[in-house]
Amino acid sequence: MSRGIFEALDKIKTMIEAIDPKTDSHHGFICIDDGSGLVAPLNTRFQSQRQFTLEIVSLAMDDGSAGLSGRKRVTIEIHVRYAIPKEEGFKIRMMNEDAGKLIDTIKGPQYEFNTTGIISVIPLQSRAELITDDVGEILGHLLVVPFDLLYLEA
């Protein structure tokens with residue numbers, strides 16, 4: 001059994017890639033940085049819909065009862081880039097739908113504990129951010145869906 005952060009994030013990545021988006025369903029979620037090697041940053045990729053990364057925001061801390069369980073807690077953010085469509089109202093509505101789908105998906109409960117070590121996923125407040133170039137021109141939007149991941153390393 002080699003459960004832990006690598007297996008947990010691989011499982012969550014697989015769960016996200018299996019989502020069938022409600023709007024613009026022919027552009028699914030594609031992970032562009034899965035932690036397996038060196039890749040180009042999210043904001044330097046060709047414009048396509050729903051490219052995502054899983055970003056570790058805070059490193060593991062003990063989350064066990066009196067420190068005896070070995071359970072860890074880490075904050076992760078799903079970053080999804082939207083460069084198209086250009087119409088802002090449509091894009092933000094689609095991002096809101098996607099945030100809901102992402103939250104519903106990562107809440108589980110099909111985490112396969114014996115191989116991933118995932119105990120629970122706690123979604124936090126989603127937000128939208130602008131992606132701009134060096135002179136401030138808007139290139140796209142970034143949907144950020146943060147969550148706390150509770151897991152065991154073994």
Side-chain angles (χ1 to χ4, degrees), residues 3-61 63 72-113 115-152:
R3 61 186 179 208
I5 192 67
F6 279 88
E7 293 79 8
L9 290 178
D10 283 347
K11 175 62 177 173
I12 291 170
K13 175 191 84 126
T14 301
M15 292 168 69
I16 293 170
E17 288 181 327
I19 292 173
D20 186 21
K22 183 177 177 183
T23 300
D24 195 18
S25 60
H26 58 283
H27 286 118
F29 293 90
I30 299 170
C31 185
I32 61 165
D33 180 1
D34 62 3
S36 63
L38 199 57
V39 296
L42 186 63
N43 61 356
T44 63
R45 296 286 181 139
F46 178 74
Q47 291 187 0
S48 67
Q49 204 65 305
R50 295 184 178 98
Q51 294 176 340
F52 76 93
T53 60
L54 294 170
E55 306 287 333
I56 297 176
V57 176
S58 66
L59 296 179
M61 64 181 213
D63 193 59
K72 303 293 184 268
R73 177 184 292 255
V74 63
T75 301
I76 308 290
E77 289 182 344
I78 304 167
H79 289 188
V80 185
R81 181 191 170 126
Y82 297 82
I84 54 177
K86 295 296 184 189
E87 204 274 300
E88 300 301 315
F90 181 80
K91 187 185 303 181
I92 200 72
R93 289 177 188 183
M94 185 171 58
M95 291 170 69
N96 188 66
E97 282 181 357
D98 288 351
K101 283 275 218 177
L102 288 164
I103 290 166
D104 290 345
T105 299
I106 65 173
K107 284 192 316 185
Q110 62 280 9
Y111 297 129
E112 299 168 14
F113 173 75
T115 56
T116 67
I118 297 174
I119 296 167
S120 181
V121 171
I122 305 163
L124 305 170
Q125 178 66 52
S126 300
R127 65 186 184 277
E129 298 177 356
L130 295 177
I131 300 171
T132 58
D133 63 12
D134 294 339
V135 294
E137 186 172 329
I138 297 172
L139 301 174
H141 284 85
L142 192 66
L143 170 62
V144 180
V145 180
F147 62 93
D148 282 348
L149 171 65
L150 280 64
Y151 68 100
L152 289 176

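Quick note: numbers below take in every heavy atom, side chains included, and nothing from hydrogens, waters or symmetry partners.
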List the atom of [X], the atom of [Y], and the distance in Å for their closest heavy-atom pair.
X    : Y    : answer
I106 : F147 : CD1-CD2, 3.6 Å
M15  : G108 : CE-CA, 4.2 Å
V74  : A60  : CG2-N, 4.1 Å
I92  : G89  : CG2-O, 3.3 Å
Y82  : M94  : CD2-CE, 4.0 Å
P21  : G28  : CG-CA, 4.1 Å

As an exercise, state the distance from [atom1] of [X] to [atom2] of [Y], rounded to the nearest 0.5 Å.
X    : Y    : atom1 : atom2 : answer
D98  : L143 : CG    : CG    : 7.0 Å
L149 : I76  : CG    : CD1   : 5.5 Å
F52  : L102 : CZ    : CG    : 8.5 Å
I119 : K72  : CD1   : NZ    : 9.5 Å
L130 : L142 : CG    : CG    : 9.5 Å
I131 : I138 : CD1   : CD1   : 10.5 Å

key: Where at least one partner belongs to residues 104-113, residue pairs that pass side chain to side chain donor-acceptor pair (under 3.5 Å), sequence neighbours excluded   = K11-E112

ask   = Can you list every side chain to side chain donor-acceptor pair (under 3.5 Å) pair that touches residues 14-23, not counting sequence neighbours?
value = T23-E97

request  = Check step by step if side chain to side chain contact (heavy atoms under 4.5 Å, CB included) holds for T116 and Y151.
outcome  = CA-CA 8 Å; T116 67; Y151 68 100; over 6 Å; no

message = I want to check something: taking the side chain as every heavy atom from C-beta on, are I103 and V145 in contact at a cut-off of under 4.5 Å?
response = yes

request  = Evaluate the side-chain proximity of K91 to M95: yes if any heavy-atom separation is below 4.5 Å, no if none is.
outcome  = yes

query = Can you list the residues that meet the side chain to side chain contact (heavy atoms under 4.5 Å, CB included) rule with I122, with sequence neighbours excluded?
reply = R73, S120, D148, L150

note = Taken in chain and number order and not counting sequence neighbours, the residues that satisfy side chain to side chain contact (heavy atoms under 4.5 Å, CB included) with L59 are I56

message = Has E55 got a side-chain atom pairing as donor or acceptor with V57's backbone, closer than 3.5 angstrom?
response = no

query = Which salt bridge (charged side-chain N to carboxylate O under 4.0 Å, His left out) pairs, counting each pair once, include a residue from residues 118-133, with sequence neighbours left out?
reply = E77-R127, R127-E129

key: Which residues share a side chain to side chain donor-acceptor pair (under 3.5 Å) with S58, sequence neighbours left out   = T75

task = I would like to know whether L54 and K13 meet side chain to side chain contact (heavy atoms under 4.5 Å, CB included); could you show each step before the answer?
result = CA-CA 8 Å; L54 294 170; K13 175 191 84 126; 4.0 Å; yes

